[in-house]
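This report concerns only the one structure given below.
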Number of protein chains: 2
Amino acid sequence: MKRYTIKDLARLLQVSPSTISRALSDHPDIGDKTKKRVRQLADELGYKPNYLAANFRKKNSKLIALILPEINMFFFPSVIKAFEEKIHQAGFSLIVFHSNNSLEREMENLELCVQFSVDGILLSVSSQTSNLEHLSEIAGSIPLLLFDRVIPNDAIATITIDDRKVAYQAVEVLMKKGHKKVCGLFGAPNLHISKERAKGMQEAMIDYGVTPESDFIIYGTKKEVMTQLINLFDVSRYPTAIFAMSDDLLVGIYQLLAQHQLSIPDDVAVICISEGDSPDFFFPKVTYIKHSGEEVAERAAQMLLQLIEKKPLLNKNQLIEPQLVMQDSV
Amino acid sequence: MKRYTIKDLARLLQVSPSTISRALSDHPDIGDKTKKRVRQLADELGYKPNYLAANFRKKNSKLIALILPEINMFFFPSVIKAFEEKIHQAGFSLIVFHSNNSLEREMENLELCVQFSVDGILLSVSSQTSNLEHLSEIAGSIPLLLFDRVIPNDAIATITIDDRKVAYQAVEVLMKKGHKKVCGLFGAPNLHISKERAKGMQEAMIDYGVTPESDFIIYGTKKEVMTQLINLFDVSRYPTAIFAMSDDLLVGIYQLLAQHQLSIPDDVAVICISEGDSPDFFFPKVTYIKHSGEEVAERAAQMLLQLIEKKPLLNKNQLIEPQLVMQDSV
DNA sequence: TTGTAGGCGTTATCAA
DNA sequence: TTGATAACGCCTACAA
């Protein structure tokens with residue numbers, strides 16, 4: 001049950017610790033027979049290297065941090081899964097922090113990243129985060145990549161979907177079907193992602209000669225958004241189409257529409273931006289623009305690993321192409 | 001941008017490193033004015049302790065590992081969130097591993113836990129894991145707690161919902177409504193959790209004088225289960241009620257029932273075991289037995305922290321009480 | 001091809 | 001109340 005160290009192996013094999021160290025890391029200087037002896041003994045005794053010691057010595061931790069503003073059920077799980085997968089393949093482990101949309105906790109988490117000497121950080125900012133003052137310093141010492149909820153800048157690398165375009169594409173589908181009364185549901189109003197998507201919606205409408213109506217552009221938490229939507233219904237102000245900028249909002253309106261006995265797409269057309277699971281929960285299946293957490297995570301991992309290896313990024317601010325998935329709700 | 005060390009502070013204040021170390025950790029031996037001087041300088045210089053060094057020295061990592069067999073969208077996200085929250089409060093950080101339902105990767109992850117000297121491990125076993133041979137050794141050196149997908153045993157602590165009871169309760173609701181033709185949908189057939197829940201279903205039926213029919217007890221991945229269900233429908237073998245053991249299966253049948261124009265609950269009653277989100281996606285809202293990831297995670301955190309502090313557990317094998325949430329699908 | 005020795009930053013022990 | 005020193009396990013110049 002005792003944990004053997006390199007010194008133990010050295011003593012047992014009557015060689016020096018450095019020989020063991022080198023043999024275990026397959027150093028070319030060490031002879032094949034020595035390597036064999038060392039490996040065999042290591043196996044026998046169940047020798048496990050002590051990362052704490054090695055990482056301390058080498059000043060890296062083999063940890064990559066993921067800081068999330070929230071953990072919803074739609075987008076972030078697939079990010080966690082795909083990101084863990086990718087960095088694991090590259091020999092890193094994943095340390096997950098949760099800022100709960102608090103700037104203070106975001107900073108606290110970043111501090112922990114420094115203390116743990118993580119090798120890289122993938123961050124989606126909290127809804128309270130409006131600038132990157134607190135990031136500029138840390139970005140100087142640890143590779144940092146912003147994703148999904150980003151703050152546009154040219155100092156820190158980012159990867160995100162083209163928010164304006166994705167919303168534009170969604171609403172364009174509705175425009176092409178001739179909808180005039182379109183209601184858009186968005187997240188927290190101070191988030192760049194919400195603002196961009198709302199802009200995309202309005203641009204699409206204007207390009208198709210439709211005037212956006214301000215009370216049909218709704219921002220907030222899921223609950224707030226639903227309340228406002230109910231208020232509209234209560235005064236018989238019904239849209240002919242609804243655009244939801246997230247899965248979370250989609251599942252909210254679904255329940256509401258059914259309660260009001262509005263059928264999809266006959267009474268109300270529905271389109272959303274989605275990770276891709278929830279549109280298939282419903283019948284008819286919902287038409288959506290795919291925003292794949294998996295793709296974001298994979299590309300983020302690739303970028304971050306490049307930064308860690310100090311390879312230059314071809315493009316510091318990467319955009320993911322949205323992709324329309326036509327189903328039956330429009 | 002340089003990272004200051006205790007030695008730096010010592011040099012600047014003309015005291016010894018040990019004094020700095022003690023002052024920073026608020027050791028009673030150190031005088032108040034010294035502490036003040038030290039803290040002030042540390043603040044000024046932005047001194048950040050090096051966890052790698054401290055943890056190495058203290059032989060702990062302040063890391064708690066969470067090893068998940070998969071990352072679905074329903075149950076595990078709330079576990080991650082609540083668990084991170086709790087252990088963060090206790091000064092630990094969360095390192096997340098994903099075994100992808102592979103025993104090999106589960107073992108590899110456990111190995112990494114040793115190498116990182118994590119202070120505790122919360123594990124939900126992979127679907128390939130059928131015994132705990134690979135766990136007994138590690139459990140001797142690192143506090144280990146199994147949750148959700150557990151293997152019953154009396155050596156390693158576990159926390160899980162009372163699987164048999166939760167399924168019994170669900171099916172009992174159907175029995176009381178007089179259903180005779182009940183179809184049960186379950187996960188991987190080799191998982192203890194699936195077998196227990198199927199047993200609970202059958203017990204409830206038998207207790208109410210109904211004979212379970214074998215082709216109405218379906219095991220497998222979501223896809224496999226759906227295929228079998230479709231096969232039944234295709235030969236006009238319709239149940240009057242369906243019990244789904246997970247959210248994943250619930251959303252699967254919903255789509256299917258709508259396609260077949262079966263209305264809920266008039267044509268088919270539906271009940272499931274759920275984390276609590278997905279039943280409200282649908283209309284009518286689905287009746288379910290709540291299996292809260294949050295509650296599991298909170299109690300798991302509490303237990304694991306106790307193990308880490310070497311406090312004895314009152315009960316090594318804890319069960320969570322299921323809770324019926326009556327809605328409109330039965 | 002292998003050994004020696006020093007040091008990474010922190011903490012604990014012992015001494016002053 | 002503070003200081004000196006050694007040690008944690010590993011890695012890597014440098015020496016042999």
Side-chain angles (χ1 to χ4, degrees), chain A residues 2-39 41-42 45-63 91 111-119 141, chain B residues 2-39 41-42 45-63 91 111-119 141:
Chain A
K2 170 189 189 311
R3 203 165 153 187
Y4 291 91
T5 70
I6 283 186
K7 284 182 189 169
D8 294 327
L9 302 193
R11 208 171 4 83
L12 290 166
L13 287 181
Q14 305 274 44
V15 296
S16 89
S18 39
T19 303
I20 304 286
S21 172
R22 284 187 274 236
L24 289 172
S25 53
D26 206 23
H27 192 105
D29 277 359
I30 301 295
D32 281 347
K33 42 187 177 0
T34 313
K35 278 183 189 168
K36 207 163 285 173
R37 282 175 66 217
V38 170
R39 287 198 192 121
L41 183 67
L45 301 184
Y47 166 79
K48 305 268 166 60
N50 182 334
Y51 270 35
L52 249 35
N55 293 340
F56 165 52
R57 172 66 225 255
K58 293 190 290 191
K59 296 182 190 316
N60 64 14
S61 61
K62 285 288 170 189
L63 288 172
E111 186 127 328
L112 280 168
C113 288
V114 175
Q115 291 172 193
F116 274 113
S117 309
V118 302
D119 293 337
S141 52
Chain B
K2 170 189 192 309
R3 203 166 155 188
Y4 290 91
T5 70
I6 283 187
K7 284 182 187 169
D8 294 326
L9 300 193
R11 206 169 9 80
L12 289 166
L13 287 182
Q14 305 274 46
V15 295
S16 88
S18 30
T19 304
I20 304 288
S21 172
R22 284 186 277 233
L24 289 172
S25 54
D26 206 21
H27 192 105
D29 276 0
I30 301 294
D32 281 347
K33 41 187 177 3
T34 311
K35 279 183 188 168
K36 206 163 286 172
R37 282 174 67 216
V38 171
R39 290 200 192 119
L41 183 67
L45 300 183
Y47 165 80
K48 305 266 166 60
N50 183 334
Y51 270 35
L52 249 36
N55 293 340
F56 165 52
R57 175 64 227 253
K58 293 191 290 188
K59 296 181 190 315
N60 64 14
S61 61
K62 285 290 171 187
L63 289 171
E111 186 128 328
L112 280 168
C113 288
V114 175
Q115 290 172 193
F116 274 112
S117 310
V118 303
D119 294 336
S141 54

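In this text, all values refer to a predicted model and were calculated from it rather than measured experimentally.
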Scan nucleotides 13-16 of chain C against the protein and return all N/O pairs shorter than 3.5 Å with their distances rounded to 0.1 Å.
{"residue": "C/dT13", "atom": "O4", "partner": "B/R22", "partner atom": "NH1", "Å": "3.4"}

Short N/O separations, protein against nucleotides 8-10 of chain C, under 3.5 angstrom:
{"residue": "C/dC8", "atom": "O3'", "partner": "A/K59", "partner atom": "NZ", "Å": "2.9"}
{"residue": "C/dT10", "atom": "OP1", "partner": "B/Y47", "partner atom": "OH", "Å": "2.6"}
{"residue": "C/dT10", "atom": "OP1", "partner": "B/N50", "partner atom": "N", "Å": "3.2"}
{"residue": "C/dT10", "atom": "OP2", "partner": "B/I6", "partner atom": "N", "Å": "2.7"}

Trace of the side chain to side chain contact (heavy atoms under 4.5 Å, CB included) decision for B/L45 with B/L12: CA-CA 11 Å; B/L45 300 183; B/L12 289 166; 3.7 Å; yes

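Residue A/S16 has a polar side-chain atom (N or O) positioned under 4.0 Å from OP1 or OP2 of C/dG3. Within the structure, every side-chain polar atom (N or O) of B/T19 is placed at least 4.0 Å from both OP1 and OP2 of D/dT1.
Between A/P17 and A/I6, the shortest heavy-atom distance links the atoms O-CG2, 3.4 Å. Taking every heavy atom of both residues into account, B/Y47 and B/L9 meet most closely at CG-CD1, 4.1 Å. Across every non-hydrogen atom of B/L24 and B/A42, the tightest pair is CD2-CB, 4.1 Å.
Taking atom CG of B/D26 as the reference point, atom P of D/dT2 lies 13 Å away to the nearest angstrom. Look at CG on B/L52: it is 15 Å from P on D/dG9, rounded to the nearest Å. Rounded to an integer number of Å, the gap from A/I20 CD1 to D/dC10 C1' is 13 Å. Across the protein-nucleic acid pair, A/D8 atom CG and D/dG9 atom P stand 8 Å apart, rounded to whole Å. One atom, CZ of B/F116, and another, P of D/dG9, lie 18 Å apart when rounded to the nearest Å. As a whole-Å value, the separation of B/H27 NE2 from D/dG3 P is 13 Å. Rounded to a whole Å, the CG atom of A/N60 is 15 Å from the P atom of D/dC10. Look at CG on B/N55: it is 14 Å from P on D/dG9, rounded to the nearest Å.
In this structure, CD1 in B/I30 is found 8.5 Å from OG in B/S25, a value given to the nearest 0.5 Å.
In this structure, the side chain of B/R3 does not engage the main chain of A/S141 through any donor-acceptor pair within 3.5 Å. Remark: side-chain polar atoms of B/S117 are not paired, donor with acceptor, to backbone N or O of B/K59 under 3.5 angstrom.
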Exercise answer: donor-acceptor pairs, residues 31-38 of chain B side-chain atoms, under 3.5 Å, sequence neighbours excluded:
{"residue": "B/K35", "atom": "NZ", "partner": "B/D26", "partner atom": "OD1", "Å": "3.0"}
{"residue": "B/K35", "atom": "NZ", "partner": "B/H27", "partner atom": "O", "Å": "3.1"}
{"residue": "B/R37", "atom": "NH2", "partner": "B/L13", "partner atom": "O", "Å": "3.3"}

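A/Y51 has its ring centre less than 6.0 Å from the ring centre of B/F116.
Nucleic acid contact for A/S25: none, since no nucleic acid atom lies under 4.0 Å from a heavy atom of the residue.
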